[in-house]
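See structure below.
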Amino acid sequence: MADAKPTAKIERLENDYTRKLDHQQAVVHHTRWLGHRRVRRATRILVVFAVFAIILGVQLIRSNASLHQVNQQVTTSKQHLAKTQAKNADLKLEIKQLNDKDYLGQLIRSKYYYSKTGETIYSLPGDHASDVTAK
């Protein structure tokens, strides 16, 4: 048997020097072990932090896109509101004018060629309504 330990016949001395060496080796081994633990712990913490950062980043991007979409809808709605308010103002003016008897009579005479008694209507080539039924 050539594999036998050659140190089997060597006896260890127990003195201050050997105890000091054993203590130093234990401290070095312990600090290496603590270093590995710290590295693993730091890696785990960084991974958890990265996961949370990714989740929050995705939420931020989604909310930014949603905000952009809502802003576009608000702009479109404001434009539609402005058009509707302008149309409403025109219709109110038309209602007010239709309640005026003079305007209403003038409108009926011009649009439908209605005449008062004793009044003669002449149609010229430049008139807008060439026919009574034209709108």
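Since the model is a prediction, treat every value here as computed from it, not as a measurement.
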Who are the side-chain hydrogen bond (donor to acceptor under 3.5 Å, both in side chains) partners of Asn15, not counting sequence neighbours? Thr18
Separation of Ile45 CD1 from Arg40 CZ (nearest 0.5 Å): 13.0 Å
Pairs of donor and acceptor atoms involving the side chains of residues 76-93, under 3.5 Å and at least two apart or interchain, shall be tabulated with distances.
| unit_1 | atom_1 | unit_2 | atom_2 | d |
| --- | --- | --- | --- | --- |
| Thr76 | OG1 | Gln72 | O | 2.9 |
| Ser77 | OG | Gln73 | O | 2.9 |
| Thr84 | OG1 | His80 | O | 2.8 |

Among Ile, Leu, Val, Met, Phe, Trp and Tyr joined by side-chain contacts under 4.5 Å, find the other residues sharing a cluster with Ile95 and list them by chain and number. none
For Arg62, does its backbone N or O pair with a side-chain atom of Ser66 as donor and acceptor, under 3.5 Å? no
Give the other cluster members for Val70, using side-chain heavy-atom distances under 4.5 Å between Ile, Leu, Val, Met, Phe, Trp and Tyr residues; answer none if it is isolated. Val74
List the residues meeting side chain to side chain contact (heavy atoms under 4.5 Å, CB included) with Leu107, not counting sequence neighbours, and say none if there are none. Leu98, Tyr103
Under the side chain to side chain contact (heavy atoms under 4.5 Å, CB included) rule, collect the residues that match up with Glu14, sequence neighbours excluded. Arg12, Arg19
CG on Asn71 to CG on Leu67, rounded to 0.5 Å: 4.5 Å
